[in-house]
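Following: one structure in structure tokens, then a few remarks.
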Amino acid sequence: MGRGKIVIRRIDNSTSRQVTFSKRRNGLLKKARELSILCDADVGLIIFSSTGKLHDFASTSMKSIIERYSKVKEEHYHLMNPASEIKGNLIHQENMELHKKVNIVVQENAELWKKVYCMGGTSEANRVPHSMHTINNGYAFVPINLELTQPQKHKNEAPKDVMNLG
């Protein structure tokens with residue numbers, strides 16, 4: 001037969017309360033010890049009885065566990081600090097606005113590309129020797145081939161070696 005379920009509330013009888021405290025304290029200390037051994041965890045347990053007596057267990061040094069706890073708690077506080085949460089929201093909002101601006105620039109570039117390479121009746125294949133290249137972040141680039149040519153002489157321009165007599 002199993003044990004009956006008890007209601008978790010303060011035990012009024014002081015003798016029963018002391019017996020329950022002693023049994024549960026020992027069970028809690030045993031579980032803390034087992035957890036530290038089985039799971040290789042740093043465990044620190046501090047219990048003060050109603051009379052003010054201290055009972056504790058530490059898998060390593062209680063001082064090092066408390067220092068570690070204080071350090072982690074302080075780091076967590078700084079991360080959850082309302083000021084840093086507001087700064088984090090501001091950074092997120094600014095990031096979203098920059099994304100919108102980048103998308104607008106990408107759209108404008110695509111429209112300009114269409115205007116430059118798709119107008120004039122010539123096919124895109126004749127104008128652009130290579131296909132359009134897209135980089136992972138969404139920017140589109142079109143390679144442009146430039147050819148160097150000699151400057152053309154105008155018909156009314158005199159040769160350089162002829163002297164101008166005015």
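The analysis underlying the following values was restricted to heavy atoms, covering all of them including side chains, and did not include hydrogens, waters or symmetry mates. Throughout, residue positions are numbered sequentially from 1 according to the sequence presented.
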**OP:** Give the intermediate values and the outcome of side-chain contact (heavy atoms from CB on, under 4.5 Å) for residues E74 and Y69.
**Re:** CA-CA 9 Å; E74 184 177 324; Y69 169 79; over 6 Å; no
**OP:** Show your working on side-chain contact (heavy atoms from CB on, under 4.5 Å) between I37 and L35 and close with a plain yes or no.
**Re:** CA-CA 6 Å; I37 293 169; L35 181 64; over 6 Å; no
**OP:** Carefully, step by step, assess T20 and K23 under the rule side-chain contact (heavy atoms from CB on, under 4.5 Å).
**Re:** CA-CA 5 Å; T20 301; K23 287 182 180 179; 6.0 Å; no
Subject >> Candidate pair H55 and K53, rule side-chain contact (heavy atoms from CB on, under 4.5 Å), full reasoning >> reply: CA-CA 7 Å; H55 305 275; K53 188 173 179 186; 3.9 Å; yes
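Rounding to the nearest 0.5 Å gives a distance of 7.0 Å between CD1 of I46 and CG of L54. Atom CG of N26 and atom CZ of F21 lie 9.0 Å apart (nearest 0.5 Å).
Closest heavy-atom contact between M62 and L45: CE-O, 3.7 Å. Between F57 and R33, the shortest heavy-atom distance links the atoms CZ-CA, 3.5 Å. Scanning both residues, R17 and D12, for their nearest heavy atoms gives NH1-O, 3.4 Å.
Around the CZ atom of R25, the shell of radius 6.0 Å holds more than 12 heavy atoms that belong to other residues, nucleotides or ligands. Counted within 6.0 Å of CG on D40, heavy atoms from surrounding residues, nucleotides or ligands total 12 or fewer; the atom is thus considered open.
At least one donor-acceptor pair closer than 3.5 Å links the side chain of S64 to the backbone N or O of S61. At least one donor-acceptor pair under 3.5 Å links the side chain of S70 to the backbone N or O of I66. Not one N or O on the side chain of S59 forms a donor-acceptor pair closer than 3.5 Å with the backbone of S36.
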